[in-house]
Every structure is written in C-alpha cells, then in structure tokens.
Amino acid sequence: DGSGRMFVVERVGRIKVVTPDGKVLPEPFLDLTKTNPLGSEVQTGFVEQGLWSIAFHPRFSENGYVYVHYSSLPFNGASIVARYTVDKASPNQITKEQAVKSAKVIMNIPQPYYNHYGGRIAFGPDGMLYIGKGDGGWEGDPLDAGQRLDTHLGKLLRINVDTPDNVAYDVPHDNPFARADSP
C-alpha cells in the first residue's frame, strides 16, 4: 500500500500486518473469522478453500479500498470478491464494525465442487481488477468451464470496480470476450 508495511494473508481468514521493522502487529488488519454473527465468513473445510488474496485499490491512499477473495462459509464455499474500506483513523485495522459497515460484495461465484478455485486478485496497470478463477473443481474440468463463455469459472476475469456503490462492477468494453449479456 506504499507504507512499507507487509500484509500477510492467512488461509483461515485473517490478514496480519508486518511493520517495516519486521514486527507483526497483535491485532489483524482484517479478521473475517469474526465478522459473521454465525461464525467465520471464510470456509476452510477443504484443502483449497480459505482466504486467498488481498489487493489494494490503485487509489488506496485516497479511497481506502481493500479487496479480498475467499471461499464463503455462509454461501456454501462460493468464491467471494469483496471490498472493505479502511478508516483513516485506524490504518492498521479494519475493525469488525468497520468491516460490517463498509463491506461491498463485488462477486459471488457459486462453486460446484470443493476444489479448483483459483484465488489470486490483483490490479493491473490499466486500473482494472483481475481475478483468477479456477474451473470449479473436480478432475479434468467436467463442466467444460474453461471452454464456455457463459460462466466465470475457468477464466482470468477483468473487471472495473470504479462503479457507484449500488453497482457491483462493470465489464470493460475492451475485454476480449465482452458481450452485452455477459455474466
């Protein structure tokens, strides 16, 4: 994020902060194991499930937007891409209250099997969010997801997240397979 801090993603659903001098802060930057009143937000029941990635918006210093990608426990292992907003008064921790208040689900992609998720998210030099999505699971892509245009599975997704709060994302018109009716 430009501060010299490192952010360590833990599969269980926590993101820790390591200061420039190498100290791990005692409180997590974001703790998705405690944001859901019914238990953890993150599903970790199978080997490929969990919290996979964090990405800071290119204008993070202005807007405080942080994006995470994880398998959701409340949504039966679906891939969730969500945005949280850092409170400038608390730059080293998104509190439970701030997480609940600022959460915006960008994508909720159902997962037909418990593996082959993908997981990496990153902003490209074009300012778009790139999301690596696995084929949805099992062996040999039984859903043929990697060959189909009617599913997010088996793709490298490229989306515009600079949208109004009531719009999850926009499909850039210059995406290679962009269609007016794309999912």
Side-chain angles (χ1 to χ4, degrees), residues 7-15 30-33 35-36 38-58 60 65-84 99 102-183:
F7 294 80
V8 179
V9 174
E10 293 180 342
R11 177 178 174 252
V12 72
R14 283 186 290 271
I15 299 169
L30 179 62
D31 189 349
L32 295 174
T33 69
T35 57
N36 185 327
L38 301 175
S40 180
E41 179 66 23
V42 178
Q43 168 71 285
T44 59
F46 296 96
V47 72
E48 294 180 25
Q49 294 177 328
L51 174 60
W52 303 301
S53 193
I54 182 174
F56 292 87
H57 190 280
F60 172 76
Y65 293 162
V66 174
Y67 296 80
V68 294
H69 190 197
Y70 61 92
S71 57
S72 173
L73 182 60
F75 288 99
N76 200 30
S79 289
I80 301 291
V81 177
R83 181 189 83 191
Y84 294 90
S102 71
K104 176 184 178 182
V105 174
I106 305 300
M107 288 187 151
N108 177 337
I109 304 170
Q111 183 76 11
Y113 299 97
Y114 57 85
N115 60 347
H116 295 199
Y117 278 93
R120 175 77 193 266
I121 60 173
F123 281 93
D126 57 0
M128 300 296 146
L129 182 63
Y130 289 78
I131 304 160
K133 274 305 299 152
D135 65 17
W138 215 244
E139 184 178 321
D141 190 12
L143 302 175
D144 207 24
Q147 303 303 312
R148 296 177 23 217
L149 294 179
D150 65 339
T151 178
H152 287 114
L153 300 172
K155 311 290 183 293
L156 179 60
L157 306 172
R158 176 181 177 256
I159 62 172
N160 176 12
V161 293
D162 290 328
T163 59
D165 279 341
N166 64 340
V167 176
Y169 66 92
D170 183 43
V171 176
H173 295 291
D174 60 346
N175 273 4
F177 297 103
R179 302 183 330 229
D181 63 338
S182 58

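Side chains are part of it too, since the values below use all heavy atoms of this structure and drop only hydrogens, waters and symmetry mates.
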| query | What is the distance from atom CG of Leu73 to atom CD1 of Ile80, rounded to the nearest 0.5 Å? | reply | 11.0 Å

| request: Could you pull out all residues at least two apart from Tyr84 that satisfy ring pair (Phe, Tyr, Trp, His ring centres under 6.0 Å)? | output: none

| Hey, what do you get for CD (Gln111) to CG (Asp135), rounding to the nearest 0.5 Å? | 8.5 Å

| CD1 of Ile121 to OH of Tyr70: how many Å apart, nearest 0.5 Å? | 11.0 Å

| request: Report the C-alpha distance between Val42 and Val12 in whole Å, list the side-chain angles of each, state the deciding distance to 0.1 Å, and finish with yes or no for side chain to side chain contact (heavy atoms under 4.5 Å, CB included). | output: CA-CA 7 Å; Val42 178; Val12 72; over 6 Å; no

| Just by modelled atom types, is the Gly119 backbone N or O under 3.5 Å from a matching donor or acceptor in the His69 side chain? | yes

| Shortest non-hydrogen separation from Pro58 to Gly127 and the atoms involved | CG-CA, 4.3 Å

| said: Once salt bridge (charged side-chain N to carboxylate O under 4.0 Å, His left out) is applied, do any residues pair with Asp170, and if so which ones, sequence neighbours excluded? | reply: none

| Do other residues, nucleotides or ligands put more than 12 heavy atoms under 6.0 Å from Asn76 CG? | no

| Thr151 (side chain) donor-acceptor with Ala145 (main chain) under 3.5 angstrom | no

| task | Applying salt bridge (charged side-chain N to carboxylate O under 4.0 Å, His left out), name anything that partners Arg14, two or more places apart in sequence or on another chain. | result | Glu10

| message | Students often mix this up, so state it plainly: with edges at 30° and 60°, are the rings of Trp138 and Tyr114 parallel, tilted or perpendicular? | response | perpendicular

| query | From Ile131 CD1 over to Arg120 CZ, what is the distance, rounded to the nearest 0.5 angstrom? | reply | 12.5 Å

| request: Check each of Tyr169, Phe123, Trp52, Tyr130 against Tyr67 using the ring pair (Phe, Tyr, Trp, His ring centres under 6.0 Å) test, and report the only one that passes. | output: Phe123

| Atom CZ in Arg158, atom CE in Met128: separation rounded to 0.5 Å? | 5.0 Å

| request: Start with the C-alpha distance between Met107 and Ser79, add both sets of side-chain angles, then the distance that settles side chain to side chain contact (heavy atoms under 4.5 Å, CB included), and finish with yes or no. | output: CA-CA 8 Å; Met107 288 187 151; Ser79 289; over 6 Å; no

| query | Any salt bridge (charged side-chain N to carboxylate O under 4.0 Å, His left out) pairs touching residues 159-169, not counting sequence neighbours? | reply | Arg59-Asp162, Arg83-Asp165

| request: Check whether any side-chain heavy atom of Val81 lies under 4.5 Å from a side-chain heavy atom of Ile159, and answer yes or no. | output: no

| remark: Of all heavy-atom pairs linking Ser71 and Gly50, the shortest is OG-N, 2.8 Å

| Would you say the side chain of Leu30 lies within less than 4.5 Å of the side chain of Val66, judging by non-hydrogen atoms? | no

| Among all residues two or more places apart in sequence or in another chain, which pass the ring pair (Phe, Tyr, Trp, His ring centres under 6.0 Å) test with Phe60? | Phe56

| query | Can you check whether Pro112 reaches Leu153 side chain to side chain, under 4.5 Å on heavy atoms? | reply | yes

| request: Keeping the roles fixed (side chain from Lys104, backbone from Asn166), state whether a donor-acceptor pair exists under 3.5 Å. | output: no

| task | Verify, without hydrogens or angle tests, whether Glu41 (side chain) and Asn36 (backbone) share a donor-acceptor contact under 3.5 angstrom. | result | no

| task | Check whether any side-chain heavy atom of Tyr113 lies under 4.5 Å from a side-chain heavy atom of Pro142, and answer yes or no. | result | yes

| note | Shortest non-hydrogen pair, Gln43 vs Gln49, comes out as CG-OE1, 3.0 Å

| So which pairs with a foot in residues 139-148 pass side chain to side chain donor-acceptor pair (under 3.5 Å), sequence neighbours left out? | Arg148-Asp150

| said: Pair Val161, Ile106 - check side chain to side chain contact (heavy atoms under 4.5 Å, CB included), show working. | reply: CA-CA 8 Å; Val161 293; Ile106 305 300; 4.1 Å; yes

| field | CZ-OG1 distance between Arg11 and Thr44, expressed to the nearest 0.5 angstrom | value | 5.5 Å

